[in-house]
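Here is the naming used below: chain letters follow the sequence lines, and residue numbers restart at 1 for every chain.
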Amino acid sequence: MGKIVKVSGPLVVAEGLSDAGMADVVLVGAEGLRGEILTMTGDRASIQVYEETAGLGPGAEVTTTGSPLSVELGPGLLENIYDGIQRPLEEIRKLTGATLTRGVNVPALNRTKKWAFKATAKAGEAVQAGDIIGTVQETSAIEHRVMVPYGVAGTIAEIKSGDYTVEGVVAKIKTASGEVSDITLMQKWGVRKGRPYKKKNLPATPLQSGQRVIDTLFPLAKGGTAAVPGPFGSGKTVVQHALAKWSDVDVVVYIGCGERGNEMTDVLTEFPELTDPRSGEPLMKRTVLIANTSDMPVAAREASIYTGITIAEYYRDMGYDVAVIADSTSRWAEALREMSGRLEEMPGEEGYPAYLSSRLAQFYERAGAVDCLSSDKKPRKGTLTAIGAVSPQGGDTSEPVSQATLRIVKVFWGLDAALARARHFPAINWSSSYSLYLDNLRPWYDKELGEVFLKKRAKAVAILQEEVGLLEIVKLVGQDSLSPADRLTLETAKMLREDFLQQNAFVDIDSYSSYDRQHRLLTLILRYDELARPVINARNQKELFALASRALISRAKTVGADTYVSAYDKISDDLKSQIAAIASGGESE
Amino acid sequence: MIREYKTIREIAGPLMIVKGVENVSYDELAEIELPSGETRRCKVLEVNGSDAIVQLFETSAGINLAESKVRFLGHGMQLGVSSDMLGRVFDGMGRPIDGGPEILAEKWLDINGLPMNPAARNYPSEFIQTGISAIDGLNTLVRGQKLPIFSGSGLPHAQLAAQIARQAKVLGTASNFAVCFAAVGITFEESEYFVQEFKRTGAIDRTVLFTNLANDPAVERIATPRMCLTAAEYLAFEKGMHVLVIITDITNYADALREVSAARKEVPGRRGYPGYLYTDLATMYERAGRRKGAEGSITMIPILSMPEDDITHPIPDLTGYITEGQIILSRELYLKNILPPVDVSSSLSRLKDKGIGEGKTREDHSGTMNQLFAAYSAGKDARELSAILGESALSDTDKLYAKFAERFETEYVGQGYETNRPVEETLAIGWELLSLLPVTELKRIKEEHIAKYLPHHS
C-alpha cells in the first residue's frame with residue numbers, strides 16, 4: 001500500500017507502490033477515487049486521478065487494483081450513457097441527484113438484470129476465441145452475440161439457454177490442458193489495447209450518411225477514418241449528430257469528449273424519438289453514449305475516447321458495422337497536454353506533448369474493415385469507422401492537433417466559417433475537403449449506381465472549381481464581361497451549391513437523402529446545364545436563367561420520399577421542352 | 001481541526017510556500033494572520049510532502065515572513081447563501097460592502113460547485129423574449145442557455161447586457177426571476193452603470209451583486225465569478241428561481257488565471273495562458289442550465305472584450321467552443337450608429353432551433369430567419385461589389401439585395417436601446433424587408449408561409 005506525497009490538480013504522486021505495475025488502476029484516498037499510473041520511478045508513481053482531487057493531501061492511502069483500465073463488455077451497453085471511465089450516469093443520477101459527487105462506484109453493467117440467452121453452439125463442439133456460442137436480444141434493433149473470450153479455446157463441456165445476469169455462467173469450456181473456463185455474458189478488456197481480429201481488409205463499401213455533400217462529393221468508407229475540423233459555430237456538432245443519426249451502420253458509439261453538457265442531453269432526448277430509416281426502430285436502440293463533458297474531471301476525458309473505441313471494437317467483433325464518433329479530439333489532446341504539463345515533461349509544439357501524434361495515430365488505426373476472430377471457414381466481417389471532430393483555434397488547421405490528425409485520416413471534411421455565416425449548411429468547404437476512398441469505392445459505385453455516377457460527380461466538382469475562378473473575374477471586372485457560357489457555369493454552380501449541397505438538418509424530409517435520390521437530384525441539375533449549354537447565347541440567356549422549372553429544382557430536395565422519382569422525371573421533361581421552346585423561339589426571331 | 005504555521009518561507013507574486021505542514025490537502029482554504037491582526041484569505045494549489053504552495057487572493061504587501069501565521073481551515077472556499085442575498089452588494093470574496101448586516105447563511109456551499117450530470121440536464125427550449133430583433137429573430141436566447149457577448153474596447157456591451165436584463169421575459173409566464181451579477185476587474189463607472197440600471201428598473205431588489213473592481217486584487221478575480229455562480233445555483237435549483245447571470249469581463253478573469261499560472265512557472269499554452277484555460281472556463285460556463293426535477297434555471301451572459309477585436313484570441317476562441325453560441329458586436333456597425341451594433345452574421349445561438357417555431361414563437365420563424373441571414377449575406381456581397389465596380393456593375397437582383405442590406409441594418413438591427421419589440425413585431429419587420437426581394441429568391445421559406453405572411457404591396 002502506498003501513501004500520497006504530492007497533489008497537484010488531477011496529478012497525484014504516491015510512494016510505496018512497489019507492488020503496482022505501469023498503467024494499473026489504483027484507488028486513492030479514503031473515498032477510493034479511481035486513478036491510473038502514468039509513470040513509475042522506483043516505488044514512486046505518478047497517478048492521474050479520474051475525479052476531482054480537492055481534499056486529498058500527503059499521507060492518504062493509495063492501493064493498486066492490479067489491473068489496467070478496463071471496460072465491461074456485455075449486453076446492456078446499448079441505450080446507455082457512461083462517463084469517460086464507463087460509469088453509468090443514469091444510475092449515478094439515481095444515487096446522487098443532479099450533480100456528480102466523488103467516489104461513487106457503480107458497475108457499468110447492471111448486475112441484477114436478466115437476459116434471455118439462446119445457445120447456438122452445442123456441448124462437445126470445439127471452439128476458439130471469437131466463436132459465437134449464443135445470442136441475447138439486447139435491444140429491439142441489435143442481437144448481442146456472445147463470443148468466446150480472447151485466450152480461451154477448447155471444447156464446450158456445458159451450455160444452456162435460459163435467463164442469466166451478466167455474471168451468470170452460460171457455458172463451460174474445457175481447454176486442452178483440462179482446465180474448465182466459465183463463460184459469462186460479460187467480459188472485460190483493457191481500453192489501451194486494441195481488440196484482436198484475424199485480418200484487416202481494405203474498406204470497400206461507402207458509409208451512407210444521407211448527407212449529399214458527404215456521400216456524393218467526399219464519401220467515407222465503412223472501416224475508414226475521417227476528421228471534421230472547423231472553428232466554433234461552423235456546425236461541427238450538427239454534422240456529427242447527422243452522422244450519428246443517419247449512418248447506415250448497426251451500432252454507433254458517440255463520445256462527447258470535453259464538450260457541452262447540453263449536447264449530450266440533446267442526443268439523450270432526441271435519439272429515442274427518432275426512427276432509424278433502415279430498421280424502423282428508435283435510434284437510441286443502436287447507440288452507446290460516452291459523455292465526459294467539459295466540466296467533468298479532465299483525466300477521465302483523456303480515457304473517454306479509449307473507452308468508446310473499445311466498446312465499438314467489441315460490437316465490430318460480433319460482425320457488425322460500427323461507427324465511433326468523437327467530439328472533440330482537440331479536447332482529448334488538451335487533457336493530454338494538461339497531464340503532460342503537470343508531469344513536467346518537455347513540451348513539443350504549443351505545449352502539447354511530443355507523443356501527441358503517435359497517440360492520435362494509435363487511436364485512428366484501431367478503425368478498419370476486418371475479418372473477425374473465429375474458427376468459421378467463411379470469415380465474419382465487421383467494420384469500425386472512426387470519425388473525429390477537431391476544434392482548431394480560429395479554424396486555423398496549422399495547429400498541432402489538426403496537423404497530426406490530417407496525416408492519418410483519409411477523409412477531410414473542412415468546415416468553413418464563411419459558409420456558416422452565409423448559413424450554407426453543412427458548411428463543408430468543397431474546395432479544401434477531400435476523400436481518398438474514391439478509388440476503393442469505385443467498384444461499389446459502378447455496380448450500384450452505374451458508371452455514370454462518378455462521371456457526374458467529377459463534372460459537378462469541375463463546375464464548382466470553375467466557379468471559384470470565374471467569381472474572381474467577376475470581382476474584378478463585373479458580371480457583364482462574362483460570356484453566356486461562363487454565366488451558365490455560374491448559374492449551374494449556384495444550383496449545385498444551393499439546391500444540392502445545402503441540406504437542412506432540421507427539416508425532416510431533407511435531413512436524410514438516399515443515394516438514389518442524391519444521384520437523381522444531381523442528374524437533374526446537370527441536365528439543366530447540358531440542355532442549356534448548346535443553345536445559350538447573349539439574347540436568350542436571361543430567359544434561360546429565369547426558367548420556370550428552375551424554381552422547381554430549388555424545391556426538389558423537399559419533395560416527399562414516395563413521389564420524388566416521378567416529380568424529378570417531370571421536371572426533367574419540362575426542362576427539355578422549355579429550353580427547346582426558348583431555343584427555337586430565338587431562331588425564329 | 002485548525003492548524004497554524006509560522007513557516008512561510010517564500011512569497012513571490014500571488015504565491016507563498018509554507019514549509020513543514022501536516023495534513024494539508026489540495027484546494028484547502030487558508031487564512032494568513034498578519035502581525036497587525038489583519039487576516040487575508042488564500043488557498044492551497046499544491047502540496048508536496050511537507051511543503052504547501054498557497055495562492056493569495058489578496059495583496060501580499062505587508063506580509064512578514066517571520067511573524068505572519070497561516071491557518072489551514074480544513075475545507076475549500078465556501079459561500080454562505082440565503083435568500084436574503086437578494087438586493088445586496090458583496091465584494092469579490094463574498095463579504096457585504098453595502099453597509100448592511102452580515103448574511104445569516106442558510107447553508108455553506110463550496111464555490112467550485114460540482115459538475116452537472118449530463119443525464120440530469122433538461123434541454124433548454126423555452127423562448128426568452130429580449131425585445132431585441134437581432135437576438136429574438138435571428139439568434140434566439142432560451143432559458144438555461146449560456147450566450148456570451150463578444151465585444152471590444154469601446155463597444156457598448158454594457159448597454160446591450162443591461163437592455164437584455166431589463167427586457168427579457170418568457171412569454172405567458174409570471175416568473176420568479178433574479179439577476180446575479182459579477183463585476184470582474186471592471187472600472188467603477190462600468191459597474192456603477194449596471195447598478196444604476198438595476199435601480200432605474202427596480203430590478204435591484206432581485207439582484208445579487210459581486211464586485212471586484214479594477215483596483216481590487218487581481219487574484220481575487222478567480223473567486224468572484226464562482227461566488228456569483230454559487231449564489232445563482234442556490235437561487236435557481238433550491239429556491240426555484242429563474243436566474244440571469246451576467247459576468248463581466250471574462251478577459252480580466254483569464255488574465256488573473258494567467259498571472260497565477262506564470263507565478264507557478266507552468267508550461268504555458270497559447271499566448272501565455274495556462275493549458276487548462278479551456279477546462280477552467282468550462283467549469284464556470286457549464287454551471288448554466290436546467291436540471292431535471294428542479295424548477296429554476298440559470299441563463300448566463302458572460303461578457304468578454306476581445307483584445308484587438310481578434311476572435312481567434314484564446315479567450316473568445318475557447319469560450320466559443322464551450323458556450324452555446326455568441327453575440328458579436330461590430331465596430332463597423334457601431335461607427336455607422338447602428339445600435340445595438342450586433343453583427344448578426346457571425347453571431348449565433350446554438351439552441352435557437354429548439355426555442356422557436358409553432359407553439360413557441362411562430363411557425364414561419366425558422367424559414368424567415370434562414371432567409372434573412374442568406375439575404376443579408378448576399379446583400380453585403382453585393383454592396384462590396386458595388387463599392388469596387390460601381391452600382392452599374394450589379395445585376396438587378398443584386399441591386400435589390402444591396403438595398404435590402406442597408407434597410408436591414410437600420411430598421412431591423414438598429415432599433416436602439418430603449419425599444420422593446422414583441423416577437424411578432426420582429427417577424428413583421430423581417431417580412432417587410434423580405435418583400436423587397438423577388439418572391440423567387442425566397443427559397444428557404446415554405447410556400448404556404450409566403451402566401452400567408454408576405455405583405456402585398458400595390
- Message: salt bridge (charged side-chain N to carboxylate O under 4.0 Å, His left out), that's the test. Do B/Glu28 and B/Lys43 meet it? Break it down for me.
- Response: CA-CA 6 Å; B/Glu28 186 173 342; B/Lys43 75 166 184 180; over 6 Å; no
Chain A contact via [X] - side chain, backbone, both or neither, heavy atoms under 4.5 Å:
X        : answer
B/Val47  : both
B/Asn122 : backbone
B/Val344 : backbone
B/Arg271 : neither
B/Arg350 : side chain
B/Asp317 : both
B/Arg287 : neither
B/Thr283 : both
B/Ser366 : neither
B/Lys354 : side chain
B/Ser345 : both
B/Leu385 : side chain
B/Thr323 : backbone
B/Pro314 : both

Examine whether an atom of [X] lies under 4.5 Å from a heavy atom of chain B, and if so say whether it belongs to the side chain, the backbone or both; otherwise answer neither.
X        : result
A/Glu15  : neither
A/Glu399 : neither
A/Val477 : backbone
A/Leu289 : neither
A/Gln502 : side chain
A/Lys3   : neither
A/Asp396 : neither
A/Met296 : both

- Which value, rounded to the nearest 0.5 Å, describes the distance between B/Met306 atom CE and B/Ile315 atom CD1? 11.5 Å
- Query: Side chains of B/Gln145 and B/Thr299: is there a donor and an acceptor less than 3.5 Å apart?
  - Reply: no
Judged by atom type as modelled, is there a donor-acceptor pair below 3.5 Å linking the side chain of [X] to the main-chain atoms of [Y]?
X        : Y        : value
B/Ser377 : B/Phe373 : no
A/Glu90  : A/Ile81  : no
A/Ser340 : A/Leu336 : no

- Do other residues, nucleotides or ligands put more than 12 heavy atoms under 6.0 Å from the NZ atom of B/Lys399? yes
- Task: Would you kindly check if the NZ (Lys) or CZ (Arg) of A/Arg87 is within the cone defined by 45 degrees around the ring axis of A/Tyr50 and under 6.0 Å from the six-membered ring centre?
- Result: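 The answer is no, since A/Arg87 fails at least one limit relative to A/Tyr50.
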- Query: Where do A/Lys94 and A/Glu91 land on the salt bridge (charged side-chain N to carboxylate O under 4.0 Å, His left out) test, with the steps shown first?
  - Reply: CA-CA 5 Å; A/Lys94 286 178 197 152; A/Glu91 296 295 319; 3.6 Å; yes
- Task: Please determine if B/Glu46 and A/Lys6 form a salt bridge, counting it only when a charged side-chain N lies under 4.0 Å from a carboxylate O.
- Result: yes
- Message: Here's a test for you: under side chain to side chain contact (heavy atoms under 4.5 Å, CB included), which of A/Val298, A/Val12, A/Leu11 qualifies with A/Val49?
- Response: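 Exactly one option meets the side chain to side chain contact (heavy atoms under 4.5 Å, CB included) with A/Val49, and it is A/Val12.
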- Query: When A/Glu263 is tested against each of A/Thr293, A/Leu268, A/Thr237 for side chain to side chain contact (heavy atoms under 4.5 Å, CB included), which residue passes?
  - Reply: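 It is A/Thr237, the one option of A/Thr293, A/Leu268, A/Thr237 that forms the side chain to side chain contact (heavy atoms under 4.5 Å, CB included) with A/Glu263.
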- Task: Determine the option with the most heavy-atom pairs under 4.5 angstrom with chain B, choosing from A/Gly261, A/Gly59, A/Gly351.
- Result: A/Gly261
- Note on the structure: Within residues 545-557 of chain A, contacts to chain B at heavy-atom distances under 4.5 Å involve A/Ser554, A/Arg555
